[in-house]
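Written below as C-alpha cells is the structure these notes are about.
Quantities reported herein were computed from a predicted structural model and do not represent experimental measurements. Both backbone and side-chain heavy atoms feed into the values below; hydrogens, waters and symmetry mates do not. To find a chain, count down the sequence lines: A is the first, B the second, and so on, and within it residues start at 1.
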2 protein chains.
Amino acid sequence: MSKTTAKRLHRCPVAAFQKLISGKYKLRLLWDLQDGPRRYGELRSGLLRGADGTAQIAPRVLSRELKALAASGLIVRKDYGVVPPKVEYRLTPMGKSFIPVIAEIRKWGARYLGGEQLSMAS
Amino acid sequence: MSKTTAKRLHRCPVAAFQKLISGKYKLRLLWDLQDGPRRYGELRSGLLRGADGTAQIAPRVLSRELKALAASGLIVRKDYGVVPPKVEYRLTPMGKSFIPVIAEIRKWGARYLGGEQLSMAS
DNA sequence: CGGGATCCCGATAGATACTG
DNA sequence: CAGTATCTATCGGGATCCCG
C-alpha cells in the first residue's frame with residue numbers, strides 16, 4: 001500500500017481477494033472495462049442496469065471505488081486535462097488477468113442466482 | 001428470501017454474487033467446508049490462520065455469516081441436540097458447485113496478491 | 001460447546017449541493 | 001463532465017459477558 005499497489009497484506013489469497021473487491025460496484029466496474037477504456041459517465045450509467053430498481057449511484061461512492069481499484073493496481077485513470085473534463089479508466093494487465101475470474105463468477109451466478117443466459121452485455 | 005434461499009434479487013449475476021459473499025469470512029468458510037462437515041469451533045480456529053496477526057473472531061460475526069450462508073442455500077446447519085452442544089455445517093450441492101469458483105479466485109489471488117504456492121491447506 | 005445479548009466504533013453508502 | 005464537500009443513516013466487525 002506504499003504507493004499504488006496493495007499486496008501481500010494477507011497470507012490467504014481468498015481473504016486478500018475479499019478485501020480487494022469489497023465494495024458494491026468493484027466487480028462490475030472491472031467487468032464493464034473489459035472491452036476497452038470507459039469514461040466516468042459511461043461507467044455510471046452502465047451500473048444502473050442490473051441494479052435493483054431505482055437505485056441512483058452517489059458520485060462519492062463511484063469515485064471512491066474507482067480510486068480504490070486504481071490504488072490496487074487493477075485499473076488506471078487517464079485524465080485528458082481538457083474542458084469539459086474527459087477522464088478515461090482502463091484495465092491494467094493485472095486487471096485484465098482478473099476478467100476470466102469474473103467470467104467464472106458470472107457463469108456460476110447465472111446458473112445458481114439468476115438464470116440469465118449470459119449474453120454479451122453486462 | 002422468503003425462507004431459506006435468496007435468489008433473483010438482482011438481474012446481474014455479478015451483483016448478486018457480490019451480495020452473496022459480502023462478509024469477511026464467507027468465502028473462506030465455504031472453502032474450509034469443501035472436505036466435509038466441520039464444527040463451529042473448527043471453523044473458527046481455521047479462520048485464525050490466514051488472518052492478519054492477532055485477530056480474534058467475534059462469535060457474533062461468525063454466527064451471522066454462517067446463518068447468512070445457510071439462508072443463501074450454500075450450507076446447512078445440523079444441530080445434534082446434545083450436551084455439550086455439537087453442531088455441524090456442511091455444503092449443499094449448490095455450495096459444492098461454488099468451490100471451483102473459489103479455486104479460481106485462489107489461483108488468481110496467489111499469483112497476483114500473495115505469491116503463495118497453493119498448498120493443500122487453506 | 002455453540003452460540004445470543006449488548007455496547008461500541010470505523011467504514012460504507014445514500015442524498016444533496018457545489019465547482020473547475 | 002467529472003468529480004468534491006458535507007451530512008447522515010446504516011452496516012460490518014470487534015470486545016465482552018453470559019447462558020443452556
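- An OP1 or OP2 oxygen of D:dG3 is reached within less than 4.0 angstrom by no side-chain nitrogen or oxygen of A:Lys67.
- Atom CG in A:Leu91 sits 8.0 Å away from atom CD in A:Gln34 (nearest 0.5 Å).
- When each of A:Pro59 and A:Pro84 is assigned the nucleotide of DNA chain C with its nearest heavy atom, A:Pro59 is the one assigned upstream, toward the 5' end.
- No side-chain heavy atom of A:Thr92 sits less than 4.5 Å from a side-chain heavy atom of A:Lys96.
- Atom OH of A:Tyr40 is separated from atom C1' of C:dT19 by 14 Å (rounded to the nearest Å).
- By the 4.0 Å N-to-carboxylate-O rule, A:Glu42 lies too far from A:Arg39 to be salt-bridged with it.
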Could you list the protein-to-nucleotides 6-13 of chain D atom pairs, N/O on both sides, closer than 3.5 Å?
unit_1	atom_1	unit_2	atom_2	d
D:dT6	O4	A:Arg60	NE	3.3
D:dG13	OP1	B:Lys24	N	2.7
D:dG13	OP2	B:Glu65	OE2	3.2
D:dG13	N7	B:Arg60	NH1	3.4

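- Rounded to a whole Å, the CD1 atom of A:Ile57 is 11 Å from the P atom of C:dA13.
- Closest of all the heavy-atom pairs between B:Gln18 and A:Lys26 is NE2-N, 4.0 Å.
- Counting heavy atoms from C-beta outward, B:Leu69 and B:Leu20 have side chains that stay 4.5 Å or more apart.
- Note: CD (A:Glu88) to P (D:dC1) measures 15 Å, nearest angstrom.
- Relative to the side chain of A:Gln56, the nucleotides D:dT4, C:dA15, C:dG3 differ in distance, and C:dA15 lies closest.
- Straight-line distance from the OH atom of B:Tyr80 to the P atom of C:dG2: 12 Å, rounded to whole Å.
- The CD1-C1' distance, from B:Ile75 to C:dG2, rounds to 14 Å in whole Å.
- Whole-Å rounding puts the B:Lys86 NZ to C:dG3 P distance at 13 Å.
- Using a 4.5 Å cut-off on side-chain heavy atoms (C-beta onward), B:Tyr80 and B:Glu88 make contact.
- Taking only side-chain nitrogens and oxygens, B:Ser63 comes nearer than 4.0 Å to OP1 or OP2 of C:dG4.
- Regarding B:Asp79, its CG atom lies at a distance of 11 Å from the P atom of C:dG4, rounded to whole Å.
- Pairing each heavy atom of A:Leu66 with each of A:Ile75, the nearest pair is O-CD1, 3.6 Å.
- Note on A:Tyr89: a side-chain N or O is less than 4.0 Å away from OP1 or OP2 of D:dG3.
- Rounded to an integer number of Å, the gap from CG of A:Leu29 to P of D:dA2 is 14 Å.
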